[in-house]
Amino acid sequence: MKICGDRQFELLNKMGFVRMGGTEEELKAAHILKEEVEAMGLTAEIEPFEIEDYVETKAELEVLEPYNKKYIVRAYKFAENTAEEGIEAEFYYAENMTDVDIANSKGKIILVNGIVRLDLFRKILKSGAVGFISMTGTMLDTDENSDLLQRSIRDTLRAFGNLPAVSIRTKDAFEIVKNGATKVKMTVIGEKITRTSHNVVTEIKGTDKADEIVSFGAHFDSVEFSTGVYDNGAGSVINMEILRHFVENKPRRTVKFNWYGSEEMGLLGSKAWVKAHKDELKDHVYMINVDVGGSVLGADQALVLASKEATSYCDSFMRRNGYAVITKQDIYSSDGVPFADNGVPSTSFIRFGAQGAGYIHDRNDIIDWLYPQALARTTKFVLGYAEEMINAEVFPFAKVVPPEMVEKVDNYLFKKEMAEAARLKEEKK
Ligand SMILES: [Zn+2]
């Protein structure tokens, strides 16, 4: 069988619609993948799992002094509700939340730079601010050519506390600061809901080493406003083509193919899969993840969440076969993480867009920037690399997630912080 970029591109086009975790569209994409698998004569399952989500009913931000204007904002998912009539407070631009900013934020509604991750969130909580605003997009945006992203106060953040929060376009934040806003009113009302998201799974039993399993993973959900063809329809169709190869060329070890839902909401699909299939993980010797690809301008990378030996093995394969792939031992924020957390090492393949030519997590993630040749090229080396280990007489390296990678995984999953949050909660009792 020859790898066919055009066939991949066709499937990519077919699933190139917004498909957020837990939505009808995500399920529709799951069925497209399932049908594609079944057309090869295999069976595929759609495995459901529950996710936590949020519905906003009201989100408002109004500058009261020294001028009056309402701005378009979105509530942070899971943010604490304000009263129906909102909260009024002094406005303060706390920038990057230095100690000086922390000292100046008490009782105020503050604006901060960047994405509010746990570190920054804890500083906001510590400051005694009564609400916060963060920005999305760029200064060049207009209401018409941009989308205001909805951010989320994830459970790892909420473990420490919560408060009302909204996101605003960067150009509007600019206007508020430049015009010297001193007093604002913020209203945030919403509620937590449960949705059902789905993984799509299939497998081909190995011929003579069937009890050892290598799994292929790619998330197929997208973020809002994004057709998610680069992130990660591309990985989804790359793995589909690899599956097609193994239908015709039976592997010695068992191969599993998992397309994960709700990755964008915090690796929820792979976390659910690992939890539901915990008993079989002892048989999983490796995981191969593909997340973002197909871009015309870009560079391929392999991030190996495994031992130095496994990293050298990957690098050596690429060199010997003449593939330009930057190979590093490192963690990547994707579905390999829950596997590593359960002792299964992995490699994530990523084709990062070149500076100024890569669009991710917004309306500009569209098929125009991708082409079949890049999909086919990545497919070729991921398949070559994977097939060599899958058909090896003895697996080429030990199944181990070394301590330096375990540390990165624990940091990524905020394990220390979660233990601290649990301790603080205990002390409060
Ligand atoms: Zn992704």
Side-chain angles (χ1 to χ4, degrees), residues 8 11-12 15-23 25-26 29-30 32-33 49 51 115 117 136 147 149-152 154 197-200 215-242 257-274 287-295 298-305 326 328 330-341 346-354 357-367 369-370 374-375 378-379 382 409 412-413:
Q8 295 180 287
L11 178 59
L12 189 55
M15 62 183 291
F17 48 84
V18 180
R19 43 190 199 282
M20 292 169 69
T23 62
E25 290 74 23
E26 189 198 43
I32 291 172
L33 293 169
F49 57 95
I51 60 168
I115 293 175
R117 300 207 164 85
T136 80
D147 295 305
L149 301 182
Q150 186 168 38
R151 300 293 187 193
S152 175
R154 287 194 181 161
S197 181
H198 301 86
N199 294 325
V200 183
S215 82
F216 290 80
H219 76 85
F220 71 96
D221 63 313
S222 79
V223 298
E224 60 176 353
F225 308 121
S226 167
T227 63
V229 283
Y230 170 65
D231 181 16
N232 183 36
S236 301
V237 304
I238 285 169
N239 282 357
M240 189 64 78
E241 196 71 2
I242 292 173
F257 284 78
N258 298 345
W259 287 270
Y260 297 110
S262 298
E263 188 266 359
E264 301 288 6
M265 297 167 87
L267 318 180
L268 302 184
S270 50
K271 281 177 181 168
W273 193 89
V274 160
M287 191 269 197
I288 292 168
N289 183 50
V290 187
D291 191 356
V292 309
S295 52
D300 285 290
Q301 289 205 14
L303 295 183
V304 184
L305 186 47
I326 302 157
K328 285 187 275 197
D330 209 349
I331 191 171
Y332 179 58
S333 174
S334 185
D335 295 311
V337 174
F339 281 84
D341 193 36
S346 63
T347 299
S348 280
F349 290 96
I350 310 126
R351 180 168 173 78
F352 283 120
Y359 296 98
I360 191 166
H361 295 170
D362 63 25
R363 62 158 74 187
N364 298 310
D365 176 344
I366 52 172
I367 201 123
W369 319 131
L370 314 183
L375 292 172
T378 302
T379 306
V382 175
V409 169
Y412 180 88
L413 296 171

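In listed order, ligands and their atoms are each counted from 1. Quick caveat, the model's predicted, so the values are computed rather than measured. Note: hydrogens, waters and symmetry copies are ignored here, and every other heavy atom, side chains too, is used.
The Zn ion (ligand 1) has no N, O or S atom of E263 under 2.8 Å away, backbone or side chain. The Zn ion (ligand 1) has an N, O or S atom of D231 under 2.8 Å away, backbone or side chain.
Close placement of the W369 and Y359 rings is indicated, their centers lying within 6.0 Å of each other.
The name of the N, O or S atom in D291 nearest to the Zn ion (ligand 1) is OD1.
When the shell of 6.0 Å around CZ of R363 is examined, it contains more than 12 heavy atoms from other residues, nucleotides or ligands.
Residues passing the salt bridge (charged side-chain N to carboxylate O under 4.0 Å, His left out) test with E224, sequence neighbours excluded: R74. With sequence neighbours excluded, the residues forming a ring pair (Phe, Tyr, Trp, His ring centres under 6.0 Å) with F216 are F257, listed by chain and number.
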